Amino acid sequence: MTLDQINARRIAIIKPSALGDIVHALPVLTALRARFPVARITWVVNASLEPLIAGHPDLTDTLPFDRGAFKGLRGGLAAAWGFAAELRRRQFDLVIDMQGLFRSGLMALASGAPRRVGFRNAREGSRYAYTHKLAAPARTEGHAVDRMWAVAEAFGVGHLPKTFRVPVRTDERITARAELMTLPRPWVAVAVGAKWVTKRWPAPHFAELLNRAQSHFGGSAVFVGGHEDTPAVREVMTGLRGPALDLTGRTSLPRLSAALSLADVMVGNDTGPLHLAAALGVPCVAPYLCTKVASHGPYAQAANCVETAVACGGSYIKKCPNMVCLPDLTADRLWPKLAEVLDTWQHARSSRSA
């Protein structure tokens with residue numbers, strides 16, 4: 001029996017991380033809910049990211065785990081055994097591994113589910129844990145959202161639209177709006193950080209771009225990210241001439257979702273907040289250095305992104321001794337994109353107030 005014919009009552013989606021990758025998988029969740037309207041659907045996720053999807057209308061519940069608990073021989077074995085026992089206790093009859101790494105493959109196997117689905121090109125040996133292996137392009141072929149969509153196609157719901165449903169709590173949105181209301185619009189959300197140093201556009205470039213935006217359209221820069229991004233944000237803010245608000249390290253994931261849902265535009269590196277903003281329907285403008293827009297750009301917004309023109313652009317390397325892309329990809333190249341988005345916003349606002 002093929003996957004588009006099977007029935008399932010208890011389904012586990014294994015996609016523990018990272019923020020942007022979880023966002024890319026959200027359309028598959030909604031498609032699976034349409035395919036299995038009365039099934040219990042559980043998302044296995046890192047505890048630190050669980051608040052992002054908690055309360056999702058297409059989820060029954062989440063199964064969070066603490067990655068830190070798996071460190072160390074004795075404690076790690078005990079944590080792994082306990083988590084495996086919890087997976088078995090839930091008696092999943094279908095497990096879908098959308099992470100495709102050693103740990104997620106072990107989770108799929110430990111669940112004891114009779115049907116375990118994953119990608120044929122999954123890494124670290126995880127593919128050997130699956131009973132059903134799906135064909136999927138390499139990570140540099142097609143967009144990440146479209147690669148994940150192979151799961152929906154396998155279950156017979158690939159004809160449905162790719163829908164991003166991001167839970168935004170009403171109380172968090174009210175609190176975020178109260179904080180932003182003190183600032184002039186447009187509200188430009190900004191993410192200057194990134195885990196890979198090769199994804200980080202320089203602070204002076206951000207400052208120059210934001211100064212142009214504020215000079216032509218007014219508004220405020222609202223910085224988002226973690227504590228580790230605060231030094232770079234402070235460097236950008238010292239070069240700004242207009243209003244700014246630093247929220248780095250001050251927002252939970254529900255608050256981040258709420259704040260981004262209110263933004264008029266997002267400017268950021270290829271990192272989680274950028275993809276979250278895109279999923280929330282916010283226009284995004286982004287510089288791309290070591291990654292490719294076609295594969296990892298804000299979904300359906302490739303036209304608003306600019307790649308470096310150097311030969312090594314899109315190399316997907318995490319460290320680089322040269323970084324010749326930084327002087328190449330200047331604020332001059334991103335400004336026309338941001339100006340067009342803000343001009344559209346300005347005209348739309350004027351039409352609403354007329």
Side-chain angles (χ1 to χ4, degrees), residues 173 175-194 199-226 229-251 255-256 258-271 273-278 280-289 297-298 301 303-306 326-354:
R173 188 176 171 90
T175 302
R177 181 179 290 278
E179 192 164 25
L180 294 178
M181 284 298 292
T182 62
L183 301 169
R185 293 182 69 174
W187 297 326
V188 181
V190 187
V192 303
K199 289 184 180 182
R200 298 176 196 161
W201 207 42
H205 288 4
F206 272 107
E208 182 179 351
L209 182 66
L210 294 171
N211 276 329
R212 288 192 190 185
Q214 291 182 329
S215 175
H216 286 80
F217 298 95
S220 309
V222 181
F223 295 92
V224 298
D229 302 322
T230 302
V233 168
R234 288 175 178 167
E235 184 179 352
V236 175
M237 290 180 70
T238 58
L240 291 185
R241 295 187 290 272
L245 174 65
D246 181 10
L247 295 179
T248 55
R250 295 174 47 202
T251 57
R255 181 68 57 80
L256 175 63
L260 290 179
S261 73
L262 297 168
D264 298 308
V265 62
M266 174 79 185
V267 177
N269 296 318
D270 175 15
T271 190
L274 178 75
H275 301 294
L276 180 57
L280 288 161
V282 179
C284 297
V285 175
Y288 270 70
L289 304 170
Q301 297 197 44
N304 292 341
C305 302
V306 181
L326 299 186
D328 166 71
L329 189 49
T330 62
D332 283 338
R333 294 186 57 198
L334 261 74
W335 169 240
K337 303 291 186 181
L338 182 56
E340 182 178 359
V341 170
L342 288 174
D343 188 61
T344 300
W345 171 84
Q346 191 174 66
H347 279 85
R349 195 182 194 207
S350 298
S351 298
R352 288 193 299 268
S353 60

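In this text the structure is predicted, and so the values were computed from the model without any measurement. Hydrogens, waters and symmetry mates play no part in the numbers below; they use all other heavy atoms, side chains included.
- Atom-to-atom distance recorded for L342:CG and R212:CZ is 13.5 Å, nearest 0.5 angstrom.
- Between the side chain of K199 and the main chain of L289, no donor-acceptor pair closer than 3.5 Å is present.
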* **Stepwise side chain to side chain contact (heavy atoms under 4.5 Å, CB included) check, N211 with L240** => CA-CA 6 Å; N211 276 329; L240 291 185; 3.8 Å; yes

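- Across Y288 and G297, no two heavy atoms sit closer than the pair OH-CA, 3.1 Å.
- One distance of note links CG of L180 with CG of L247; it measures 7.0 Å at 0.5 Å rounding.
- Here the side chain of E208 pairs no donor or acceptor atom with the backbone of A331 at under 3.5 angstrom.
- Proximity of H275 to C284: side-chain heavy atoms (C-beta onward) are nowhere separated by under 4.5 Å.
- Going from atom CG of D264 over to atom CZ of R185 covers 4.0 Å, rounded to the nearest 0.5 Å.
- Here the closest non-hydrogen pair linking A213 and L338 is CB-CD2, 3.9 Å.
- The nearest pair of heavy atoms linking A194 to D229 is N-OD1, 4.2 Å.
- With hydrogens and angles ignored, the 3.5 Å screen pairs a side-chain donor or acceptor of Q301 with a backbone N or O of V282.
- Between the OG1 atom of T175 and the CZ atom of R255 there is a distance of 4.5 Å, given to the nearest 0.5 Å.
- Pairs engaging residues 235-250 under the salt bridge (charged side-chain N to carboxylate O under 4.0 Å, His left out) rule: E179-R250 [sequence neighbours left out].
- For Q346, there are no side chain to side chain donor-acceptor pair (under 3.5 Å) partners at least two apart in sequence or on another chain.
- You'll find the side chain of F223 reaches within 4.5 Å of the side chain of V236, heavy atoms only.
- Without hydrogens or angle criteria, H216 side chain to D343 main chain gives no donor-acceptor distance under 3.5 Å.
- Note that CZ of R173 is 4.5 Å distant from CG of L262, once rounded to the nearest 0.5 Å.
- Aromatic ring pairs are classed by plane angle as parallel below 30°, tilted from 30° to 60° and perpendicular above 60°; the pair W201 and F206 is perpendicular.
- Scored by the side chain to side chain donor-acceptor pair (under 3.5 Å) test, R333 finds D328 as partners (sequence neighbours excluded).
- S220 places no side-chain N or O within 3.5 Å of a backbone atom of W187 that could act as its donor or acceptor partner.
- Considering all non-hydrogen atoms of both residues, V224 and P273 come closest at CG2-CB, 4.2 Å.
- Note that the CG atom of L329 and the CG atom of L334 stand 5.5 Å from one another [nearest 0.5 Å].
- The nearest pair of heavy atoms linking T271 to A191 is CG2-CB, 4.3 Å.
- Of all the heavy atoms in P327 and T330, the pair that sits closest is O-CG2, 3.2 Å.
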